S.K.: 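One structure follows; several queries about it will come next.
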Amino acid sequence: MSEELGKVYNPKEVESKLYKTWEEKGLFKAEVNKNKKPFTIVMPPPNITGKLHMGHALDNTMQDIIIRYKRMQGYSALWVPGTDHAAIATEAKITEKMREEGVSKEKIGREEFLKRAWAWKEEYGGNIVKQLRKLGSSCDWSRERFTMDEGCSKAVREFFVKLYNEGLIYRGEKIINWCPKCKTSISDSEVDFAEMDGHFWHIKYKLADSDESIIVATTRPETMFGDVAVAVNPDDDRYKHLIGKRVIVPVVNREVPVIADSYVDIELGTGALKITPAHDPNDFEVGLRHGLSIINVMDESGVMNEKADFCSGLDRYEARKLLVKILEEENKLHKAEEIKHSVGKCYRCSTVVEPRISTQWFVKMNKLAGPAIECVKSGETKFIPDRFSKIYYHWMENIKDWCISRQLWWGHRIPVWYCRDCGEMTVSKDTNVTECLHCSSKNIYQDEDTLDTWFSSGLWPFSVLGWPEKTPELEYFYPTNVLVTGYDIIFFWVAKMIFSSLKMTSKKPFENILIHGLVRDSKGRKMSKSLGNGVDPLEIIEKYGADALRFSLMLGNSPGNDMRYFDEKVEASRNFANKIWNAARFIHMNIDGKNIKSEIPKDLDMIDKWIISRFNFTAKEVISNLDKYELGIAAQKLYDFIWDEFCDWYIEFSKILGKKEVLLWVMTNLLKLLHPFMPFVTEEIWLSFPHEKESIMISDFPKFDDSLVFEEDENNTKILMSIIKSVRNIRREMNVPHGKKTMIFIETDSENLGIILKRYESIICKLAYGKEIKVNKSLPESKFVAAVNEYVKINIPVDELVDSEAELKRLKKELEVSKKQLEQTENRLKNPNFVSKAPKEVINGAKDMAEKLKNKIAGIESAILNLK
RNA sequence: GGGAGCAUAGCUCAGUUGGUUAGAGCACUUGCCUUACAAGCAAGGGGUCAUAGGUUCGAGUCCUAUUGUUCCCACCA
């Protein structure tokens, strides 16, 4: 196949083929193996309704890089994939589809609905998993899980019952966030607040026994039907005399008391507040303190109910309009102020959330939060970057009880049965409870509600490893090593996993939490369906290849920060893949038919030592960056090394040197370093070269090797390179055409360098368009241009071509710059504080620099003299 | 109201524990189809690292304040 490598790398041809082979050979599988150290990542499960988006692509690329790296390092590296049932999102989609068919949930009933839901899951749940494969994700598909599979469901029941038995789960009537469209409760973190235009209506409430009025401000007049009091601050002098009196709720014409409660802010609004316990969480609290009754005036769809009198049957917003109109007509509306205020919306459907009194299940958070905070504070679990710890603490420290029951059908049903006879609850891990635990009555029924999606995903890291069973996998792979996820779900998910795991397994769920940002569009906007600015990763893969997409998502990306998506960036990465491809083609041309091993020969040339040493150093850096999860920096270093040093310099050198073993050795090892980032192109090339293992995936990741550090050769090669660059520079500036080869006169004080330069004469001449190198030889009668750098002075005779004026100007400018640099360096060295306090390397570096600059200046000065 | 991030080349962004002359991609200028690659090669232009102080021998990097900007949290009726 080696001769078959085309001129341009074609990802489409190789990607699906390679992925299939990897999967068939079982290379993604990780087993419990006592001879290896485990390394575990559990994939944040994408929703079954989902389609792969750029966020997934970023998230999974990062995970894949880490897991491939660890696998090559010899760990038993397990990456567990799976999907989430996404209760509310999925149910919404199914309901929507049913509506199109003219069917309703209520009409077909629970059982039939669930049948449809599972069918939906079967049909669409596999899509995203297929898409993850396109990206190259090397997860262990044999362990794929689903949040509603049997094991996860068992884990959910185990968790619920344990918390219930410890009194950490309770049922109660509270005011919760209600989505009138999804017709379910949602938790605090599922509410998005948005600034919206609205009105602040100042309404006159007349006293029952006098003509005096008290003005109350509200944004939601429709809730007046549920008013049970007007509250003022006890210290508010304006209203003190009214406390205990009764006022009449306008329009509704109900008498309610004026009460005093310190919750009321004197400064805010009018300082008087209408109290509607059924429709506002604060009012609810006030109501509790004062023993007020609760009047619920809306139904589950946000439609006014019979308590709303003539508004009954009206939507909440229509009722609001009508009330405002009537208040105006009755001259009860003192003022209508236009304001911007934040309004809570359902995070799934964006419907304005309605606070609603209802009976729900809650997790008591105070006892669970403490250990979860401690787990991060102690450093057991670390956020990367660390600043997210603060956000986490703040949230955890102010956490309120978690509403976990949902009025949905798609999800884990609450494992509680109520007895119609004795009224007691039976809470059980069993799925088919038939009699009351308390009175043995068979007249029982199960709670209709299901659990919050995040209740099951909170158990994900350990439930996928078999918990609550004591499996070998759980023993071996848990706790996991790193969780990779976006900052947007720290509250939803990360926090829940931490306290759930601590509670149920007594272990942290993961060591590190690697947080990434959002992938935004090229203008910095969030990619969203409504804006239509989303970029489909699959289309990008189709066009540029998975490697290119992956690499572009890594380049210039740093933990926790958002990034913008640009086609140009993917193009650059695609070009990079192509660059490597062509480097491979070049190597093939040279080793073809020859029995060359990828090894380091004994008699190494200076330039070989340079590239080996540089490779060795790059490997060290990349390993260090990967260990610190600095994937973007590692990618950048690989890019730079491969493109600049390996391709642009070493391959050019090797064309003249003619030694191919080192070329092959560096290449194969580079492929390994790069493999986690660009799995496909590296594998395809690696397989085309002599190789021992069946896949680069399971080859050994390069290690830093002390015996491969060649400092002197590195330096001398760098001087060689700087000379070539200088000559090229001068020729370019003097407009010397490539065809015109010139003599190169080099002056140096170093005998050793002189020998080296002569030895590499052919290389210098080839790469710098020279005819011959003369070291420290007297110059013939001719015109010269000079290139002076820190090491040598180079003279190039160019006779008729020299524009003396321009050359003089150029040299003078360079002289000036060098003198300035020397001055700065010398000033530093003169500073006694610098000499006494700076580390030796820095001082020596400065001294060295000063020497070099002096040489350079002397060289330039003599060149100027020469010109004259 | 509280908290956090960001501000570096025309654009998008890196810059790891402070250490010589601040980098990349794209864009720009010039010259090259040099038999791996024009998705390429070579040479080059372009930055007072938001502003003002401070710590330090030394600050893009640490501290304080200011400005601009983005985001998160919170029960502003």
Side-chain angles (χ1 to χ4, degrees), chain A residues 5 7-9 193 200 216-220 231 263-265 267-270 272-276 280-285 339 341-342 344 355 385 387-388 390-391 394-395 398 487-488 490-491 517-518 522 524 544 552 555-558 560-566 568-569 571-590 621 624-625 628 630 632-633 635-636 639-640 647-648 651-652 655 725 728-733 735 737-738 766-767 769 817-818 820-821 824-825 828 831-839 841-843 845-846 848-850 853:
Chain A
L5 296 183
K7 196 169 174 180
V8 170
Y9 172 58
F193 284 92
F200 210 8
V216 161
T218 180
T219 53
R220 296 187 300 156
Y263 160 71
V264 182
D265 187 338
E267 309 287 322
L268 210 61
T270 61
L273 186 59
K274 71 187 204 58
I275 299 298
T276 321
D280 183 281
N282 296 304
D283 293 9
F284 180 75
E285 295 297 323
I339 55 158
H341 61 147
S342 79
R387 65 171 187 270
F388 290 100
K390 272 180 270 176
I391 296 173
H394 182 257
W395 189 76
N398 295 288
Y487 59 71
D488 49 334
I490 292 176
F491 304 138
L518 268 40
S522 60
Y544 299 103
S552 71
L555 265 186
N557 191 0
S558 53
N561 293 333
D562 291 353
M563 67 185 308
R564 300 191 192 192
Y565 173 85
F566 289 96
E568 289 87 343
K569 220 166 147 185
E571 247 172 65
S573 299
R574 185 266 321 257
N575 294 353
F576 180 49
N578 193 49
K579 185 77 182 173
I580 302 159
W581 182 255
N582 276 291
R585 286 180 63 222
F586 171 77
I587 296 172
H588 273 297
M589 282 172 49
N590 284 282
E621 295 269 288
S624 150
N625 290 133
K628 286 184 276 182
E630 294 164 349
I633 299 173
Q636 185 71 53
Y639 184 94
D640 290 343
C647 290
D648 288 347
I651 287 186
E652 291 309 316
K655 287 178 183 171
K725 284 191 81 136
R728 282 170 175 171
N729 179 347
I730 215 71
R731 289 177 54 98
R732 182 78 204 90
E733 292 213 352
N735 278 316
H738 288 171
K766 176 86 194 301
L767 297 180
Y769 312 98
V817 172
S818 299
K820 205 170 175 185
Q821 284 170 3
Q824 280 172 2
T825 312
R828 239 170 356 126
N831 184 337
N833 283 325
F834 174 71
V835 181
S836 61
K837 288 183 184 169
E841 311 94 79
V842 177
I843 297 171
D848 202 37
M849 172 62 61
L853 284 169

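Computed from a predicted structure; not experimentally measured. All chains are named by letter (A, B, ...) in the order of the sequence lines, taking the proteins before the strands, and each is independently numbered beginning at 1.
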S.K.: Which base, if any, makes a Watson-Crick or G-U wobble pair with B/C6, both distances under 3.5 Å?
M.R.: B/G68

S.K.: What is the distance from CD of A/Glu285 to P of B/A77, rounded to the nearest Å?
M.R.: 17 Å

S.K.: With distance as the sole criterion, is a donor-acceptor pair present between the side chains of A/Asp562 and A/Tyr487 under 3.5 Å?
M.R.: yes

S.K.: Indicate, with a heavy-atom threshold strictly under 4.0 Å, whether A/Tyr487 touches base, sugar-phosphate, or nothing.
M.R.: nothing

S.K.: Would you mind building the protein contact string for nucleotides 30-43 of chain B? One character per nucleotide, 5' to 3', B for base within reach (heavy atoms under 4.0 Å), S for sugar-phosphate only, - for untouched.
M.R.: BSS---BBSBSSSS

S.K.: Determine the contact category for A/Asp488: base if any of its heavy atoms lies under 4.0 Å from a base atom, sugar-phosphate if only primed atoms, P, OP1 or OP2 are that close, otherwise nothing.
M.R.: nothing

S.K.: For B/A59 versus B/A22, give the span between their P atoms, rounded off to a whole number of Å.
M.R.: 14 Å

S.K.: Need one value for A/Pro839: base, sugar-phosphate or nothing, where a base atom within 4.0 Å counts as base even if backbone is also close, heavy atoms only.
M.R.: base

S.K.: Have a look at A/Glu630 and say if it touches a base, only the backbone sugar-phosphate, or nothing, with a 4.0 Å heavy-atom cut-off.
M.R.: base

S.K.: Of A/Lys569 and A/Phe566, whose nearest nucleotide on RNA chain B comes first from the 5' end?
M.R.: A/Phe566

S.K.: Classify A/Ala231 by what it touches in the nucleic acid, base, sugar-phosphate, or nothing, heavy-atom distance under 4.0 Å.
M.R.: nothing

S.K.: Starting from P on B/A77, measure out to CZ on A/Phe193 and report it in whole angstrom.
M.R.: 10 Å

S.K.: Say whether A/Arg585 and A/Asn582, considering side chains only, have a donor N or O and an acceptor N or O under 3.5 Å apart.
M.R.: yes

S.K.: Send over the distance from A/Asn282 CG to B/C76 P, rounded to a whole Å.
M.R.: 7 Å

S.K.: A/Gly632 near the nucleic acid: base, sugar-phosphate alone, or nothing, with a heavy-atom cut-off under 4.0 Å?
M.R.: nothing

S.K.: In whole Å, what is the span from the CD1 atom of A/Ile391 to the P atom of B/C72?
M.R.: 11 Å

S.K.: Considering heavy-atom distances to RNA chain B, does A/Leu555 or A/Thr825 have its closest nucleotide positioned more toward the 5' end?
M.R.: A/Leu555

S.K.: Under 4.0 Å between any heavy atoms, over every strand shown, what does A/Tyr263 touch: base, sugar-phosphate, or nothing? Just pick one.
M.R.: base

S.K.: Expressed as a whole number of angstroms, how long is the span from A/Lys820:NZ to B/U21:C1'?
M.R.: 11 Å

S.K.: A/Lys628 NZ to B/G15 P: how many Å, rounded?
M.R.: 12 Å

S.K.: Choose from B/A77, B/C26, B/A14 the nucleotide whose nearest atom is closest to any side-chain atom of A/Asn561.
M.R.: B/A14

S.K.: Once you apply a heavy-atom cut-off of 4.0 Å, does A/Val835 come out as touching a base, just sugar-phosphate, or nothing?
M.R.: nothing

S.K.: Measure from the side-chain heavy atoms of A/Ile633 and tell me the nearest of B/G19, B/G15, B/A4.
M.R.: B/G15

